[in-house]
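For this chain, numbers begin at 1 and follow the sequence in order.
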Amino acid sequence: SVSRDITLKTLEHLEFAKIENCIKESLAKTNLYYKVVPVSIYQAEGSETKNISFHLTFESPEKTLKAEEISDIMEQVTKEITTELGVELV
């Protein structure tokens, strides 16, 4: 398996579960087994934004995954969630 972390900056009112579901929907389009684990939510006192981190694990039943394949998947996930939810990659 291959793992990557992703941290996203979002407005404080956007729900964690909505971001997690969007990531899972994007990953469901791949032919891989995946796991999305929340790592942290950080919001500075008085801030209108928060950072949310996830740990993603990928596995293929058919082959050994290459770094470039995972990088492409991460780019696609990032593109989809930033477009759909207006979050920003940190």
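- In this structure the side chain of Arg4 reaches within 4.5 angstrom of the side chain of Val2, judged on heavy atoms.
- The structure places CG of Leu56 at 12.0 Å from OG of Ser1, a figure rounded to the nearest 0.5 Å.
- Between the Lys50 side chain and the Leu14 main chain, a donor and an acceptor come within less than 3.5 Å of each other.
- Between Ser3 atom OG and Ile70 atom CD1 the span is 9.0 Å, to the nearest 0.5 Å.
- The OG atom of Ser47 sits 9.5 Å away from atom CG of Leu11, with the distance rounded to the nearest 0.5 Å.
- The CZ atom of Phe58 sits 5.5 Å away from atom CE of Met74, with the distance rounded to the nearest 0.5 Å.
- Among the candidates Thr7, Val39, Ile23, the single residue satisfying the side-chain contact (heavy atoms from CB on, under 4.5 Å) test with Phe54 is Ile23.
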Subject >> Residues Val36, Glu20; criterion side chain to side chain contact (heavy atoms under 4.5 Å, CB included); working and verdict >> reply: CA-CA 8 Å; Val36 178; Glu20 182 180 34; 4.2 Å; yes
| request: Could you give me the CA-CA distance, side-chain angles and deciding distance for Ile52 and Thr10, then say whether side chain to side chain contact (heavy atoms under 4.5 Å, CB included) is met? | output: CA-CA 8 Å; Ile52 300 178; Thr10 182; 4.0 Å; yes
Pairs under 3.5 angstrom only: tabulate donor-acceptor contacts from the side chains of residues 81-90 to other protein residues two or more places apart or in another chain.
residue, atom, partner, partner atom, Å
Thr82, OG1, Thr78, O, 2.8
Thr82, OG1, Lys79, O, 3.1
Thr83, OG1, Lys79, O, 2.8

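- The closest side-chain heavy-atom distance from Phe16 to Pro38 is below 4.5 Å.
- The line from NE2 of His13 to OG1 of Thr49 is 12.0 Å long, rounded to the nearest 0.5 Å.
- Rounded to the nearest 0.5 angstrom, Leu32 CG and Glu69 CD are separated by 7.5 Å.
- Linking Ile, Leu, Val, Met, Phe, Trp and Tyr residues whenever their side-chain heavy atoms come within less than 4.5 Å places Ile19 and Ile41 in a single cluster.
- Ionic pairing of Glu80 and Lys29 is present here: one or more N-O contacts between side-chain nitrogen and carboxylate oxygen are shorter than 4.0 angstrom.
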